[in-house]
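Notes for the one structure printed next.
One-based numbering along the sequence shown.
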Amino acid sequence: SALSEALGTAARTLGAAIERKRMEKNVRDAHQRFLAVMDHLDGFVYVADMQTDEILYANGAMKRKFGEVTGAICWQALHENQTGPCDHCNNDRLVDAQGEPTGLVVSEHYNEMAGGWFEVHDRAIPWVDGRLVRLEVAFDISTRKRAEEHLRESEEKFRTLSEQSLMGILIFQDGRVVFANPRMQELTGYSPEELQLLTTDELLGLL
């Protein structure tokens with residue numbers, strides 16, 4: 001009957017509405033769990049709108065370093081004297097020509113406000129309202145950068161001293177020459193490339 005059909009339609013509509021509400025609640029709950037996990041990470045984590053650059057979420061580490069930045073524009077809140085989007089912004093690398101996420105993009109940047117170097121992991125993800133946003137996780141690599149700089153400085157000092165030395169200097173690795181200073185080249189009459197082709201025994205025969 002018409003009444004039965006109407007009741008059936010109403011029941012199906014109500015059931016669909018209940019299922020939709022249940023799914024929306026599941027999405028919100030998953031979203032809250034995600035934010036809770038991010039909030040306890042030591043690295044800097046924030047989410048920004050890819051069109052407006054508005055910060056939609058910042059974890060505890062971000063707030064402790066930069067203050068309450070949620071709602072601010074990322075390039076204004078996280079950098080000094082910035083008049084527009086950062087040159088190193090990865091937004092254009094996070095989606096393809098069809099607007100689909102391309103996956104993880106990793107880069108390294110110096111942040112003057114935080115006073116350090118960071119390894120930045122960017123990814124486009126769907127936000128709770130369905131739009132794509134940029135999720136950024138940044139890890140402080142300042143200690144590693146300083147160590148790399150010290151190593152470069154030490155290598156440069158060694159190279160300068162060895163090139164000025166009156167003594168012949170050779171460095172071996174796995175029985176082969178990997179470095180010969182100019183004085184050693186003079187003593188042997190071989191170029192660095194030629195020295196690298198000789199074994200240890202052959203070199204000892206020259207000296």
Side-chain angles (χ1 to χ4, degrees), residues 13 15-153:
T13 301
I18 292 173
E19 179 62 18
R20 185 174 64 254
K21 289 293 185 182
R22 185 185 67 80
M23 293 179 63
E24 290 173 352
K25 182 179 184 303
N26 288 342
V27 170
R28 287 194 300 271
D29 289 347
H31 179 72
Q32 290 303 316
R33 288 194 296 272
F34 162 78
L35 297 184
V37 171
M38 295 298 102
D39 204 45
H40 287 84
L41 291 180
D42 292 333
F44 294 156
V45 181
Y46 77 94
V47 173
D49 185 287
M50 295 180 66
Q51 302 301 318
T52 66
D53 293 326
E54 177 190 359
I55 296 176
L56 306 174
Y57 165 79
N59 74 338
M62 284 283 293
K63 292 176 182 177
R64 288 190 292 274
K65 176 61 72 172
F66 298 98
E68 180 52 76
V69 293
T70 304
I73 302 302
C74 61
W75 50 266
Q76 293 176 337
L78 307 180
H79 299 276
E80 293 178 348
N81 305 318
Q82 190 75 24
T83 58
C86 304
D87 293 337
H88 58 255
C89 181
N90 287 321
N91 278 356
D92 60 344
R93 302 171 61 192
L94 300 181
V95 294
D96 60 22
Q98 288 70 46
E100 296 297 321
T102 56
L104 181 66
V105 175
V106 180
S107 53
E108 294 182 1
H109 308 298
Y110 183 82
N111 185 283
E112 65 284 352
M113 288 186 70
W117 278 90
F118 292 85
E119 182 177 282
V120 178
H121 295 231
D122 285 327
R123 184 188 296 272
I125 64 169
W127 198 231
V128 65
D129 55 10
R131 61 179 153 166
L132 281 181
V133 297
R134 181 179 77 251
L135 168 65
E136 181 165 301
V137 182
F139 303 96
D140 192 329
I141 58 170
S142 301
T143 300
R144 191 192 82 196
K145 282 289 188 179
R146 286 192 293 270
E148 290 173 350
E149 181 60 28
H150 290 159
L151 179 60
R152 281 193 296 269
E153 291 174 355

Determine, step by step, whether Tyr46 and Glu136 satisfy the side-chain contact (heavy atoms from CB on, under 4.5 Å) criterion, reporting the C-alpha distance in whole Å, the side-chain angles of both residues, the deciding distance to 0.1 Å, and the verdict.
-> CA-CA 5 Å; Tyr46 77 94; Glu136 181 165 301; 3.3 Å; yes
How far apart are the C-alpha atoms of Val47 and Ile55, what are their side-chain angles, what is the distance that settles it, and do they pass the side-chain contact (heavy atoms from CB on, under 4.5 Å) test?
-> CA-CA 6 Å; Val47 173; Ile55 296 176; over 6 Å; no
Please find the pair of heavy atoms, one from [X] and one from [Y], that lie closest to each other, and give the distance.
X      : Y      : result
Gly116 : Ser142 : CA-OG, 3.1 Å
Ala124 : Met50  : CB-SD, 4.1 Å
Asp53  : Pro85  : OD2-CG, 4.0 Å
Cys86  : Trp75  : SG-CB, 3.9 Å

Using 30° and 60° as the class limits, which term best fits the ring planes of Phe139 and His121: parallel, tilted or perpendicular?
-> perpendicular
Measuring from atom [atom1] of [X] to atom [atom2] of [Y], what distance do you get when rounded to the nearest 0.5 angstrom?
X      : Y      : atom1 : atom2 : result
Leu78  : Glu112 : CG    : CD    : 9.5 Å
Arg134 : Asp122 : CZ    : CG    : 5.5 Å
Asn111 : Phe66  : CG    : CZ    : 4.5 Å
Lys65  : Asn59  : NZ    : CG    : 13.0 Å
Asp49  : Leu56  : CG    : CG    : 6.0 Å
Asn91  : Cys74  : CG    : SG    : 7.5 Å

Look at atom CG of Asp87 and say whether more than 12 heavy atoms of other residues, nucleotides or ligands are closer to it than 6.0 Å.
-> no
Would a 4.5 Å heavy-atom cut-off, applied to side chains only, mark [X] and [Y] as touching?
X      : Y      : result
Arg144 : Ile141 : yes
Val45  : Leu135 : yes
Ile125 : Pro101 : no
Phe118 : His109 : no

Decide ring-ring contact (aromatic ring centres under 6.0 Å, His included) for His79 and His88; before the verdict, give the C-alpha distance in whole Å, the side-chain angles of both, and the deciding distance to 0.1 Å.
-> CA-CA 12 Å; His79 299 276; His88 58 255; 5.6 Å; yes
Check the pair Glu119, Val106 against side-chain contact (heavy atoms from CB on, under 4.5 Å), reporting the backbone distance first and the verdict last.
-> CA-CA 7 Å; Glu119 182 177 282; Val106 180; 3.9 Å; yes
Which atom pairs, donor and acceptor, lie under 3.5 Å between side-chain atoms of residues 93-100 and protein residues at least two apart or in another chain?
from: Arg93; atom 1: NH1; to: Asn90; atom 2: OD1; distance (Å): 3.2
from: Asp96; atom 1: OD1; to: Gln98; atom 2: N; distance (Å): 2.9
from: Asp96; atom 1: OD1; to: Gly99; atom 2: N; distance (Å): 3.0
from: Asp96; atom 1: OD1; to: Glu100; atom 2: N; distance (Å): 2.8

State which residue, out of Arg152, Arg146, Lys145, fulfils the side chain to side chain donor-acceptor pair (under 3.5 Å) condition with Glu149.
-> Arg152
Between Thr70 (side chain) and Tyr57 (backbone), is there a donor-acceptor pair under 3.5 Å?
-> no
